[in-house]
Amino acid sequence: MHLYTYDSAPNPRRLGLFLAYKGIDLPTTQIDMRENKHRDAEFLAINPLGTLPALMTDEGVMLTEVIAICDYLDALYPDKPLMGSTALERALVISWDHRIFVSIFEAFAEMLRNRSPAFENRALPGPLDIEQIPELETRGRKRFRGSLELFDTELGDKPFLCGDSITFADIDLLVGVETARWVKESIPEGCDNLQAWLERSRAALS
Ligand SMILES: N[C@@H](CCC(=O)N[C@@H](CS)C(=O)NCC(=O)O)C(=O)O
């Protein structure tokens, strides 16, 4: 197995926290995204999507989606499960995770990538040239804040998103919330359940 990643980027960090919690150590190559190394022909020959992280399995299959990599590794390394231990728990983790990806990570990308000259013609991650739509920045902020307010209500007084123990869904929301600093967003005022959850999740992962 071989992991290609860039530790400080948000999607690689989702996987990095998963690996650290489970104590999994993989042979790894860092691809410097600040230097645009993920768009070099050399890396595109490995992962034609040009996205990170990417895991090459021992069978020579390339996995490019963090949720799939985590699900695969949780099955291979069952100690300290993060993807749920029953069929229902697993469904809940995937359900939360999908919602977090769509409503938090995509909202973040809308805010980050639709104005900055650094992302000109690269408004979406990946190999396609996609023009910016500046209005999406405002929509991203609305999606981000509104989704967190909904999550706050749904979380209520549960310790973690899926119940009593931390799962990959909590890791994803934590990375989504912490990365939002880049676009000057955070947990909205009054979301006290989420604020307490964030402290609990940080402690569980440390
Ligand atoms: N769908 C992928 C997303 C991976 C992704 O978008 N990673 C970002 C880094 S945070 C990336 O590679 N961006 C490449 C680009 O901006 O062209 C997943 O769920 O893992």
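Note that the structure is predicted; figures quoted are calculated from it, not measured. Because only heavy atoms are used, hydrogens play no part in the values below, and waters and symmetry mates are left out as well, while side chains stay in. Start at 1 and go down the list; that is how both ligands and their atoms are numbered.
Every atom of ligand 1 with a heavy atom of Arg122 under 4.0 Å away is listed here by number and element: 15 (C), 16 (O), 17 (O). Those atoms of ligand 1 that come under 4.0 Å of a heavy atom in Pro10, given as number and element, are 10 (S). Numbered from 1 in the order shown, with element, the atoms of ligand 1 that lie under 4.0 Å from a heavy atom of Glu65 read 1 (N), 2 (C), 18 (C), 19 (O), 20 (O). Close contacts between ligand 1 and Pro12 involve ligand atoms 10 (S) [criterion: under 4.0 Å to a heavy atom]. For ligand 1, the atoms sitting less than 4.0 Å from at least one non-hydrogen atom of Thr51 are 12 (O), numbered in the order shown with element in parentheses.
Residue Thr64 places a heavy atom under 4.0 Å from ligand 1. Using 4.0 Å as the threshold, Phe105 has no heavy atom nearer than that to any atom of ligand 1. Heavy atoms of Arg113 approach ligand 1 to within less than 4.0 angstrom.
The shortest N or O to N or O distance between Val66 and ligand 1 is under 3.5 Å. Taking distance alone, with nitrogen or oxygen atoms compared against 3.5 Å, Pro125 stays at or beyond that limit from ligand 1.
Using a 4.0 Å cut-off between charged side-chain N and carboxylate O, Arg202 and Asp170 make no salt bridge. Salt bridge present: Arg141 and Glu137 bring a charged side-chain N and a carboxylate O closer than 4.0 Å. The residues Lys37 and Asp32 are annotated as not salt-bridged, no charged nitrogen and carboxylate oxygen being separated by less than 4.0 angstrom.
Nearest residue to atom 17 (O) of ligand 1 from Pro53, Gly126, Ser8 is Gly126 (criterion: closest heavy atom).
When the side chains of ILVMFWY residues are joined at heavy-atom separations under 4.5 Å, either directly or via intervening members, Phe119 and Leu136 end up in two distinct hydrophobic clusters.
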Could you pull out all donor-acceptor pairs under 3.5 Å where a side-chain atom in residues 124-133 meets a protein atom, sequence neighbours excluded?
unit_1 : atom_1 : unit_2 : atom_2 : d
Gln132 : NE2    : Arg113 : O      : 2.9
Gln132 : NE2    : Ser116 : O      : 2.8

Atom pairs and distances, side-chain donor-acceptor, residues 63-72, under 3.5 Å, sequence neighbours left out:
unit_1 : atom_1 : unit_2 : atom_2 : d
Asp71  : OD1    : Arg90  : NE     : 3.0
Asp71  : OD1    : Arg90  : NH2    : 3.3
Asp71  : OD2    : Arg90  : NH2    : 2.5

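Residue-level proximity to ligand 1 for Tyr6 is absent, since no heavy atom of it falls below 4.0 angstrom. Residue contacts with ligand 1 for Arg39 are absent, since no atom lies close enough (heavy atoms, distance under 4.0 Å).
Taking the six-membered ring where the residue is Trp, the centroids of Trp96 and Phe168 are separated by 6.0 Å or more.
Protein heavy atom at the shortest distance from atom 5 (C) of ligand 1 is Asn11 ND2, 3.3 Å. Taking atom 11 (C) of ligand 1 as the reference point, the nearest protein heavy-atom neighbour is Met33 CE, 3.6 Å. Regarding atom 12 (O) of ligand 1, its nearest protein heavy-atom neighbour is Leu52 N, 2.8 Å.
Residues Asn36 and Arg39 bring no donor and acceptor atom of their side chains to less than 3.5 Å of each other.
Stacking of Lys80 on the aromatic ring of Tyr21 is recorded, both the 6.0 Å distance cut-off and the 45° axial limit being met.
Ring geometry, Tyr4 versus His2: the interplanar angle falls from 30° to 60°, so the pair is classed tilted.
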